[in-house]
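These notes concern the structure reproduced below.
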Amino acid sequence: MLPDYPVGCYAQYKKDTSIFTTWLGNAAQACGYESKVAHPAGTSSAQSATTPGAPVPSQQRKGKAKKATQKASTKRYTPSVEVEIIKYPVTTEQLLLQAEAVYQNRANIRMPLTVKESLERAIRTRQKCADWYQKSENDSSDYAEDGHLHFIKVLRDILTKLSPEESQTEPKRESKKGASAARKDEANIELQNRFSNLTVEEVDDSFELTPAQVAVATTKKAKGKQVRSADIFELIVEKTFDDVLAIFCFFEDLHKIRDHVRQTWEDHKSGKINLVTAAIITHVAMRMVRSAEEDVCSSVFPGEPNDDKFHPLHECMQRFDHISFDRINFTRMAFTLTKFGNVAGAQWPPPITPYGLLFLPEPHKAYLPVSKKLMHEDRILSQLLIDMMIVDMAKEKCPYPTEIGASLFAPTKADAFTSALRPAWKQRNLSVTSVVACQMITDILEINNYVPTLHKEIMDFRTHVSKSFNFKQTDDTLHVGNIEYPRSIFDTLVETHQTLNLIHLSRPGGPNPWTDDDPGVLTYMNADPFVKGVVEDIAKDGGIELGSPEELTEIIRAHNLAFIGPDKSEFSFSMVWNPLHLGGLAFKLATLYENAGVEIATFYSSISACAHIYNALRQLTKMNLKWPVMERIIQLQIKPIFAGEVPTTRKDIMNRLTLRLKAPNRSKLQSTPWSEELRGLLGSEDAARRALLLIEQKMEPTESKPQSNRRTSKKASSTQKRRTTPDSLLSSLREHVPQMVDDMSIDYVRLSKRCNHLLGVIFELQFPDLFRDNTSSKLKPIDQDAYKLGETAMLSLQKSLRQVENARRNGRAPAVAAEGEGTASAAPELRAHGTYLPLVYKVFEKFLTEEDCDFRVPSMMAGGPRPVIVESTE
């Protein structure tokens, strides 16, 4: 079963409420309260109450029970148990009776902290909804007596009555003495242990508490037996009020998600994050919107399809029409989608009626800045929709070979924006997700001043990659630079070249097959009937008399209104204007470039050799100069380069060199560890869900993971607490994804070439006689590709260090570097490390002080350069 996206605040509220009611119901039953419910609300046979391998909730013991628990702790295990969960309904009035029964019991049971936190969170959610609902025009008496305020008061009263005190008192002792009284005292202690001290064993904050866990933990067990059935109590709430809460929470989630997306693209504009990072976070956000919509529809419209529920949800919103939801302009975005869906597929090109037609009753308003903005956004969104529809027509209309056309449009099929909008014209369905997706894209365009600067960013990336490989194509032959590449990356190089060509074809102003397609001349008579109906409603509400269709057509012509058709200046409009399309394509190119880079780095081994040399200089000579990108590579590639641990002594450095040289099959560098997961977020729905769970596990803060407890099972890592709301997850993604993507900016291709050059210089200085012309004292340039310079450098370093080590072991002074070329100015303490380190020290010192040594792809770096934004003239 695939993991779900993090639940919204409504689902979290339901879970919190169920945790509280389940604890209270079981506590009340244990205290003698008799439920008046004759039959359970439902059962779930063989339902697992715990995740396999996860610690189950347990109780902190007191007195004899505590000693017995400590004695048995060495044999404790936490198997996964299949438990039959029986669900019972409970009313608000029953909650008060149950609380009173628990409060009056001599066991002095109080609410455990874990349950208290869930109840307080549920109260806060209800209170926020109540504050919002109170502003509506509903009957205030219903609101106070039977609705939100009454229920909140009940929860607060129970919380006050059963809230844990600062110091938990012992159970009340029986005044009489004897065996019977002792048994009662022991029973009271058992009740308090079972209900008041409920925790999640060992790692309180690392695991989620669920109603099923509470039910199992509070069920009395026979000695040596496992629980086979447990009771969950679920609150019965009038559906009208529950729907209000569900819709309120839904829109609260939407606003928070949208705020995260806006801030993400503001960060991109300011250069704090790159295009790929912004696209990944936005992609996840849109998936979350869809998940939240499915949740709210399952509650408000149970059993009904949820892919066409914008209008029913909008009608629910209109019950509170003076409550502001204008942070997301649902009506305007839905208007654009609806008028597009009305004509999509009817003819080519689809004659989309422009937003400007709404100003026919008052034409002068069309010239207001806000009106121009609305019309411009409507045009861009409509043309994006047209371009998405072209995907299905690519084989018929694309003037290029079929495989190129198919490849060009392939990236748009997976991005969340296209997925959200496609039903609007394929099935003419309208969901809240499609409307919110349009709002998000509009926000991004607004942040970038409605200028396609994002495409400029990917074109800069294309130029960088193209220059790195030095691609040249003659006829059907692809030539790649003037150095040797390993055969293992030939397919990657071909795919990279195709991707670069596709980006070039889709540049603004590129070849366009739609120049002759015209949707016709717009008149009032042939305008969309839906739009005309809205125009007539506007006129009627304003008391304005519209003229005849002919007169309105003249106004249309006077204001240069026309049908919206495909953009005639660009081959792929979505390539230029869809930020998720661009981000996905940039990520694909980054992945190809990185994969090729690590293969090249492994083939030449020059980066690994320079890493060993750099580490030896830092550890043995105390060189103060730093090479940041190399230090990051050492962190990421510590296993293939140093067999898992950075050596700090001469002996350890030699051992690591031996391992590296004797086992080249274990020395293959790897791509960024989380690149696969990031790719999954940009993939299909199923792939995105899997990837999100894996990334969440990698984002777990180190301090929340048990370090010293060896009894912690490896399986426990799979049950770590997920970020339970879209808000919390997006906050974490915005914190962690930039670093994940930033690691992909390491330019292994150019760095391999530069390390080859460094090792070549060292080799020439090491063996100058090999490169001297017979008639001249000049050094001949080394053919760096003719030598395995990486292996040669590591062997030289190993040999030099071994000579020093052997000399010192035998009580002799180690051989020192001769004061020849490259070592004349070396300090005596440096030359004491043998003949090789003083040589490489001078080369590295010159390189690190005089050259740009940060080999990264500028457009992939967090804080990388951004194209200059020019204000739109629209």
Side-chain angles (χ1 to χ4, degrees), residues 273-274 276-277 280 465 468 486 488-489 492 587 589-619 626-648 652-653 656-657 659-660 663-681 691 694-695 697-702 705 733 735-756 758 790 794 848 853-864:
I273 62 175
N274 58 37
V276 171
T277 300
I280 287 173
V465 174
S468 294
S488 60
I489 68 167
T492 302
F587 184 80
L589 184 57
T591 303
L592 291 170
Y593 190 56
E594 185 191 33
N595 290 343
V598 295
E599 289 284 349
I600 293 169
T602 300
F603 177 72
Y604 281 104
S605 68
S606 57
I607 291 180
S608 296
C610 284
H612 280 276
I613 294 172
Y614 174 75
N615 179 65
L617 290 172
R618 294 281 294 167
Q619 301 293 346
K626 289 189 176 183
W627 193 355
V629 72
M630 183 59 73
E631 293 190 354
R632 184 56 183 164
I633 288 174
I634 290 173
Q635 291 176 351
L636 294 172
Q637 308 286 357
I638 189 170
K639 187 172 182 179
I641 294 178
F642 292 116
E645 185 177 357
V646 176
T648 58
D652 288 342
I653 291 173
R656 294 299 187 278
L657 285 166
L659 289 173
R660 172 68 177 80
N665 58 321
R666 296 183 180 179
S667 305
K668 177 180 171 57
L669 302 189
Q670 303 295 323
S671 300
T672 306
W674 34 77
S675 59
E676 285 296 323
E677 287 82 355
L678 294 176
R679 185 185 297 112
L681 292 181
L694 292 173
I695 288 177
Q697 291 173 353
K698 291 183 179 181
M699 290 191 305
E700 283 293 332
T702 305
K705 297 180 181 179
L733 286 176
E735 178 183 356
H736 291 87
V737 171
Q739 179 59 55
M740 295 178 180
V741 176
D742 194 54
D743 286 336
M744 295 181 66
S745 71
I746 297 175
D747 195 336
Y748 287 96
V749 177
R750 296 192 181 194
L751 182 57
S752 290
K753 295 179 181 180
R754 194 67 187 86
C755 287
N756 272 355
L758 285 176
M794 286 186 282
L848 294 176
C853 56
D854 193 17
F855 287 82
R856 291 179 179 268
V857 181
S859 57
M860 285 295 294
M861 291 174 59

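Excluded from the calculations below are hydrogen atoms, water molecules and symmetry mates; all remaining heavy atoms, backbone and side chain alike, are included. Position 1 is the first residue of the sequence, and the numbers go up from there. All figures in this text were calculated on a predicted structure; none of them were measured in a lab.
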Whether the side chain of [X] engages the backbone of [Y] through a donor-acceptor N/O pair (distance < 3.5 Å, no angle test) should be reported.
X    : Y    : answer
K639 : R666 : no
Q670 : Q637 : no
R856 : D747 : no
N595 : T591 : yes
S745 : V741 : no

Roughly how far, to the nearest 0.5 Å, is [atom2] of [Y] from [atom1] of [X]?
X    : Y    : atom1 : atom2 : answer
T277 : D742 : OG1   : CG    : 8.0 Å
L657 : I613 : CG    : CD1   : 9.0 Å
T672 : M744 : OG1   : CE    : 5.5 Å
I653 : Q619 : CD1   : CD    : 6.0 Å
S752 : F855 : OG    : CZ    : 10.0 Å
I600 : S606 : CD1   : OG    : 10.0 Å

Nearest heavy-atom pair of [X] and [Y]: which atoms, and what distance?
X    : Y    : answer
I607 : A601 : CD1-CB, 3.7 Å
I641 : A611 : CG2-CB, 4.1 Å
F642 : P647 : CD2-CD, 3.4 Å
C610 : W627 : CB-CZ3, 4.4 Å

Are side-chain heavy atoms of [X] and [Y] found at a separation under 4.5 Å?
X    : Y    : result
R660 : R656 : no
I746 : L636 : yes
R632 : V629 : no
L669 : S608 : yes

Y614 side chain to E631 side chain, donor-acceptor N/O pair below 3.5 angstrom: yes

Indicate whether the side chain of E599 and that of S488 have a donor and an acceptor atom separated by less than 3.5 Å. yes

Quick one: do T492 and Y593 satisfy side chain to side chain donor-acceptor pair (under 3.5 Å)? Show the steps, please. CA-CA 8 Å; T492 302; Y593 190 56; over 6 Å; no

Among all residues two or more places apart in sequence or in another chain, which pass the side-chain hydrogen bond (donor to acceptor under 3.5 Å, both in side chains) test with R618? none

Is it true that atom NZ of K668 has more than 12 heavy atoms of other residues, nucleotides or ligands lying nearer than 6.0 Å? yes

